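Read the structure below first, then the notes.
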Amino acid sequence: MSEAAKPESERRKFRAIKGTRDILPPDSALWNWFEKAARSVMESYNFGEIRTPIFEETELFARSVGSDTDIVSKEMFTFPVVPSAHELALNLFEGQQQFNQEGDFVSTDDAQRFREEKAGKLVSLRPEATASVCRAYIEHGMHTRAGDQKLYYIGPMFRRERPQKGRYRQFYQIGAEVLGTSDVPAIDAELIEMLTVLLERCQIEKYTLLINSIGCADCRPKYVELLRAKLREPEIFSKLGADSQRRVETNPLRVMDSKLPEEQEIIEQKLPKISEHLCADCKTHYEKLKKELKLREVLFTESPRLVRGLDYYMRTTFEITSPILGAQNALCGGGRYDGLVEMLGGPKGIKGIGFALGEDRFIDAIQEAKKIHATRPVDVFVAWMGERAYPTAVRLARVLRGEKHTVELPPEETKFRKALERADKMGARYVLIIGEDEIASDMLTIKRLADGKQEKISEEALVDFFRPPVPSKEGPGN
Ligand code: HAM
């Protein structure tokens, strides 16, 4: 039996893939408001938008984010690309082996094996965009452009994490990167200041800015050895969970940001703090950063545990957390990554710093902070009745839309009472009534739904009636 012939309850339905979701009106209006606010703040700091592809060579992420990190070793959506159509067809078929029975992608390790078997190039959906921005910077020789390159991006990222509130497999980031030859702490501080301006614009007041310095290629390895030695001490080692025990050898820094309750006391009290083991240059850089932040009246909390989960960082690291978010409380994270451009084959001496904020989480925080949910999306509902009214309704709807008002024009004639009900349901602010009487008298009727107040105006006065434009409909401040 064809699908269409089956009763509705038996027809196969499609659902969004685990960890992905649809963003519907009216929520999408808040997303748009937020993106507009972010663009306007970042552009006021002279950042320009960069758009990069959503997939890149897997190797790019492995080299920059680090092949031992959770992101690269467990969470990337990876698939092979091969040059010819014939091989592509073959691989698409074989590629299905990359799904397990639950419909999830299998791990990068399996994909890696697949690569070795097929000797095709692997690509991954981007789990973050810093690597892509650096790749583009090198590819387009952007170091030859005048001054620091200040770039921002907005778009989806993909990580195969266990989905929960605030954590998705397709999520959205807004990020900014500064690339150039200077690493003066004023650059770091200005970037952080810009973030606090955006938080303010969104009226999110409950947040904490955590900062730290994780040293450089000079001082960090010495600290890591010290940390490892401490972690190996039997009375400490025996109290660590399995993950941390493994990390003592693979990446002891990561033990510092473990969330396991039984490890908290050890981390707080027994382990050496990196801030006490910075080299002279890193120490000066960190002290200057704090001074610069104070100068800008940016409040911060120092967190020696803030090591971040990506390998490319050095010196400044920072994160913004918010208690209104629950378990996934990181609104934003970033840091300095001097040396990454060079490591990716670019020119020597290029420094970088940036951040990315989780848009999904920012939207939750805005809604939580302001208790904004539905918005009033329609300014004017045109209730037209009678064939003679229709051409006027079409014309006036277009005039008002030209004035940037949101106008709903019913495509079919609707009885007056029904039209009012629909306008009310849509949250329309005004109903423009055009019926037989209005056509005969050459006057229009406008009804304000908030209080039912009604008045008659001439067609010439219509545009002025709605000026100044109705206030912005979405976002905080409404
Ligand atoms: P990140 O800390 O991995 O850093 O991610 C930044 C932000 O993205 C997080 O603070 C969080 O708000 C959001 N985020 C991460 N994973 C998810 C997820 N699965 N679901 C929802 N939101 C998520 C980076 O990505 C770096 N590239 C930041 C950076 C830019 N560092 C220097 N420049």
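For this chain, numbers begin at 1 and follow the sequence in order. It should be emphasised that the depicted structure is a prediction, and the values quoted were computed from it without experimental measurement. Remember, it's 1-based here, ligands and their atoms both numbered in the order they're listed.
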Students should be able to answer this: which protein heavy-atom is nearest to atom 14 (N) of ligand 1, and at what distance? F171 CE1, 3.5 Å
Give the minimum heavy-atom separation between A189 and L289, together with the two atoms involved. N-CD1, 3.9 Å
Is atom CZ of R11 surrounded by more than 12 heavy atoms (other residues, nucleotides or ligands) closer than 6.0 Å? yes
Taking atom 8 (O) of ligand 1 as the reference point, the nearest protein heavy atom with its distance: Q173 NE2, 3.1 Å
In ligand 1, which numbered atoms sit nearer than 4.0 Å to a non-hydrogen atom of G333? 10 (O), 28 (C), 29 (C)
The atoms of ligand 1 lying under 4.0 Å from a heavy atom of Y313, numbered in the order shown, are 26 (C), 28 (C), 29 (C), 31 (N), 32 (C)
Distance in Å, M194 CE paired with Y152 OH, rounded so as to fall on 0.5 Å steps: 10.0 Å
Only heavy atoms of E128, strictly under 4.0 Å: list the atoms of ligand 1 that pass. 25 (O), 26 (C), 27 (N)
Checking S244 side chain against G241 main chain: does a donor-acceptor pair fall under 3.5 Å? no
Hey, is G175 one of the residues with a heavy atom under 4.0 angstrom from ligand 1? no
What is the nearest protein non-hydrogen atom to atom 19 (N) of ligand 1, stated with its residue, atom name and distance? E161 OE2, 2.7 Å
Nitrogen or oxygen of Y312 less than 3.5 angstrom from that of ligand 1: yes
Is there any N or O on L331 that sits under 3.5 Å from an N or O of ligand 1? yes
Mark the output for Y337 as yes if a heavy-atom distance to ligand 1 is under 4.0 Å, and as no if none is. yes
Which of the ligand 1 atoms, numbered from 1, are nearer than 4.0 Å to a heavy atom of E177: 30 (C), 32 (C), 33 (N)
Would you mind running through ligand 1 and noting each atom that sits below 4.0 Å from a heavy atom of G334? 31 (N)
Approximate separation, where rounding is to 0.5 Å, of I366 CD1 and C202 SG: 3.5 Å
Does any N/O atom on A330 come nearer than 3.5 Å to any N/O atom on ligand 1? yes
Within the 4.0 Å heavy-atom cut-off, what R169 brings close to ligand 1 is neither
Hey, could you give me the OG1/CD distance between T130 and Q173, rounded to the nearest 0.5 Å? 7.5 Å
Can you report which non-hydrogen protein atom sits closest to atom 30 (C) of ligand 1, along with the distance? T130 OG1, 3.0 Å
May I ask you to decide if Q170's main-chain N or O and R159's side chain share a donor-acceptor pair within less than 3.5 Å? no
What is the nearest protein non-hydrogen atom to atom 13 (C) of ligand 1, stated with its residue, atom name and distance? G358 CA, 3.6 Å
Hey, is ligand 1 close enough to Y153 that some N/O pair sits below 3.5 Å? no
Could you check atom 20 (N) of ligand 1 against the protein and tell me its nearest heavy-atom contact, residue, atom and distance included? Y168 N, 3.0 Å
Heavy-atom nearest neighbour of atom 4 (O) of ligand 1 within options E359, R167, R159, R308: R308
Residue pair M256 / R305: nearest heavy atoms and the distance that separates them: O-NE, 3.1 Å
Looking at K150 and D148, is there a salt bridge between them, counting it only when a charged N and a carboxylate O are closer than 4.0 Å? no
Distance from atom 7 (C) of ligand 1 to nearest protein heavy atom, with residue and atom: A356 O, 3.5 Å
Nearest to atom 21 (C) of ligand 1, what protein heavy atom do you find, and at what distance? G166 O, 3.2 Å
Indicate yes or no: does an N/O atom of L357 lie under 3.5 Å from an N/O atom of ligand 1? no
Nearest atoms (heavy-atom pairs only) where Y153 meets A129: CE1-CB, 3.5 Å
Where's the contact between P127 and ligand 1, heavy-atom distance under 4.0 Å: side chain, backbone, both or neither? neither
Would you sort out whether R247 and S258 count as a side-chain hydrogen bond (donor to acceptor under 3.5 Å, both in side chains), showing the intermediate values? CA-CA 11 Å; R247 285 181 176 139; S258 151; over 6 Å; no
Using a 4.5 Å cut-off on heavy atoms from C-beta on, say whether the side chain of C219 contacts that of H277. no
Please round to the nearest 0.5 Å and tell me the distance separating atom CD of E190 and atom OH of Y45. 6.5 Å
Test log, rule side-chain hydrogen bond (donor to acceptor under 3.5 Å, both in side chains), inputs D188 and T316: CA-CA 8 Å; D188 311 31; T316 310; 2.7 Å; yes
